[in-house]
Protein chains: 2
Amino acid sequence: MRYPASETAEKHTRILNEAARLFRERGFSGVSVSEIMKATGLTHGPFYNHFTSKEALMAESLTHTSTTSLADLEASGQSPQAMLAYIDTYLSTDHRDAPGDGCLMAALASEVRHEPAVRGCFTTHLKAAIDKLTAHFPWPSKRRARADSIRLLSSMVGALILARAVDDEALSDEILKEVRSGLR
Amino acid sequence: MRYPASETAEKHTRILNEAARLFRERGFSGVSVSEIMKATGLTHGPFYNHFTSKEALMAESLTHTSTTSLADLEASGQSPQAMLAYIDTYLSTDHRDAPGDGCLMAALASEVRHEPAVRGCFTTHLKAAIDKLTAHFPWPSKRRARADSIRLLSSMVGALILARAVDDEALSDEILKEVRSGLR
DNA sequence: TGTACATCAGTGAACGCGCGTTCACTGATGTAC
DNA sequence: TGTACATCAGTGAACGCGCGTTCACTGATGTAC
């Protein structure tokens, strides 16, 4: 049956939000189109009214997540304290235990390598993240700010991925803690 | 038909080697049992003469790769120069472009999170890697050697994963280069 | 304002496909005598 | 040493399953008059 036109755009956004959350939680290949549609409260059929393919959704959800998560960074303060708080939040057990709401890169970087359809979007996101980090925080040397941002990002992403992969909570906590104190 | 008994063990090892290579290249879920068996020159049927399931192969191939790749680390020298050479090799474009022969953690850490069957093996490997790094290299402070090893590993793994995910070779090279110089 | 009709997002059965896994069969090897 | 037979890794067709995707159909909404 026909539905109010106003709901269409809202449903599109809801699919994107659910997809973004589920993909980060369980990976692109760990989530089916049907599951995403079920999470939005619909059957799988109308998926193709909104997106041309699962790959297209992957790309669009990645771009969608990119804009919202970079807004978080810009919302934080620019003081050295704000920078440390940002790092502490990123390397917190809360972030580790909630990948669905967390960093896109830590959740999906590995899988992106195998999905040609989303590498472009991911690259755009990473470039934006480096630029925002470089511009936003009070780096000791302006000249080295970009290199320092790249190093910070690599450390944080690597630590979070390892902390999430590991079976042993003590080791996982230790990784987060040591990388946190290394960045002070 | 029956085959020489001597070949059985050798075929088992060949399956493990091919699996270890293919899993690192394309991920656990990106490689099928049939592909692995084809790579060893057999049909898919006898797979279950060697392993009880794909998950069992994933676990065994991870343990198998662990022992061989940690041997590489022990084979390197213990001088500060050897340590820098190890880091440079890890963060080289050659390593980035050959995941099939490279670091297990950079290739599979993300997927391990979604595969309960291999998290234990992965954790064992990561612990061994931290211990070997800690004991093997000439860290400035013995007391902080373990924390420094964890930080080094996080940086290297994170940088390699990001460098591999990205679509843009200049950015990929930049990530490797900056993290390399940050570790000098 | 009321009526008749076209629209089109949602439904849910169905499609082909590749996956992990099973199994009846094959036939050279290893063993018993 | 030669013969008869049991063994068992490999073969390849077949299984059920869940996936991404398609499509004939439904029926409340929006539009034309």
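Reckoned from all heavy atoms, side chains included, excluding hydrogens, waters and symmetry mates.
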Between [options], which nucleotide has the shortest distance from any of its atoms to the side chain of [X]?
| X | options | value |
| --- | --- | --- |
| A:P46 | C:dG10, C:dG20, D:dA14 | C:dG10 |
| A:T43 | C:dG12, C:dG20, D:dT21 | C:dG12 |
| A:K11 | D:dG30, C:dT21, C:dG10 | C:dG10 |
| A:K54 | D:dG20, D:dT11, C:dC19 | D:dG20 |
| A:S53 | D:dG30, C:dT21, D:dT21 | D:dT21 |
| B:L42 | D:dT29, C:dG20, D:dT11 | D:dT11 |

Just the rounded figure in Å: distance from [atom2] of [N] to [atom1] of [X].
| X | N | atom1 | atom2 | value |
| --- | --- | --- | --- | --- |
| A:M37 | C:dG10 | CE | C1' | 9 Å |
| A:E55 | D:dG20 | CD | C1' | 11 Å |
| A:F51 | D:dT22 | CZ | P | 15 Å |
| A:Y48 | C:dG12 | OH | P | 18 Å |
| B:I36 | C:dC19 | CD1 | P | 11 Å |
| B:L57 | C:dG20 | CG | P | 10 Å |
| A:E7 | C:dT7 | CD | P | 21 Å |
| B:F47 | C:dC23 | CZ | C1' | 17 Å |

Open item on the list: For the backbone of A:R164 and the side chain of A:R96, can you confirm whether one donor and one acceptor N or O come within less than 3.5 Å of each other?
Closed with: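 Judged by distance alone, no pair lies under 3.5 Å.
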Open item on the list: Measuring to OP1 and OP2 of D:dG10, would you say a side-chain N or O of B:H50 lies under 4.0 angstrom away?
Closed with: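 Checking D:dG10 against B:H50, a side-chain N or O does come within under 4.0 Å of OP1 or OP2.
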TODO: Give A:Y3 one of three labels, base, sugar-phosphate or nothing, depending on what nucleic acid heavy atoms sit under 4.0 Å from its own.
DONE: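 Sugar-phosphate contact only.
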Open item on the list: Under a 3.5 Å threshold, yes or no: a donor from one side chain and an acceptor from the other, between A:S155 and B:S155?
Closed with: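 The answer is yes; a qualifying pair exists.
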State the pairing partner of [N]; accept Watson-Crick or G-U wobble contacts with both distances under 3.5 Å, and report none otherwise.
| N | answer |
| --- | --- |
| C:dT26 | D:dA9 |
| C:dC15 | D:dG20 |
| C:dC33 | D:dG2 |

Open item on the list: Over 60° means perpendicular and under 30° means parallel, so tell me whether A:H12 and A:H50 are parallel, tilted or perpendicular.
Closed with: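 A:H12 vs A:H50 ring planes: tilted.
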Task: Plane angle bin for A:Y86 and A:Y90 - parallel if under 30°, tilted between 30 and 60°, otherwise perpendicular - done: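 Answer is tilted, since the angle falls between 30° and 60°.
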Task: Residue pair B:E111, B:S29: steps toward the side-chain hydrogen bond (donor to acceptor under 3.5 Å, both in side chains) verdict - done: CA-CA 9 Å; B:E111 218 177 343; B:S29 61; 3.0 Å; yes
Open item on the list: Given B:H125, which partner from the list B:L70, B:T67, B:T63 fulfils the side-chain contact (heavy atoms from CB on, under 4.5 Å) test?
Closed with: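 Only match with B:H125 under side-chain contact (heavy atoms from CB on, under 4.5 Å): B:L70.
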Open item on the list: Using heavy-atom distances to pick each residue's nearest nucleotide on DNA chain C, tell me which of A:N49 and B:H44 is more 5'.
Closed with: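 The residue whose closest nucleotide sits nearer the 5' end is A:N49.
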Task: Nearest-nucleotide comparison on DNA chain C, the residue closer to the 5′ end among B:F28 and A:G41 - done: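 The residue closer to the strand's 5' end, by nearest nucleotide, is A:G41.
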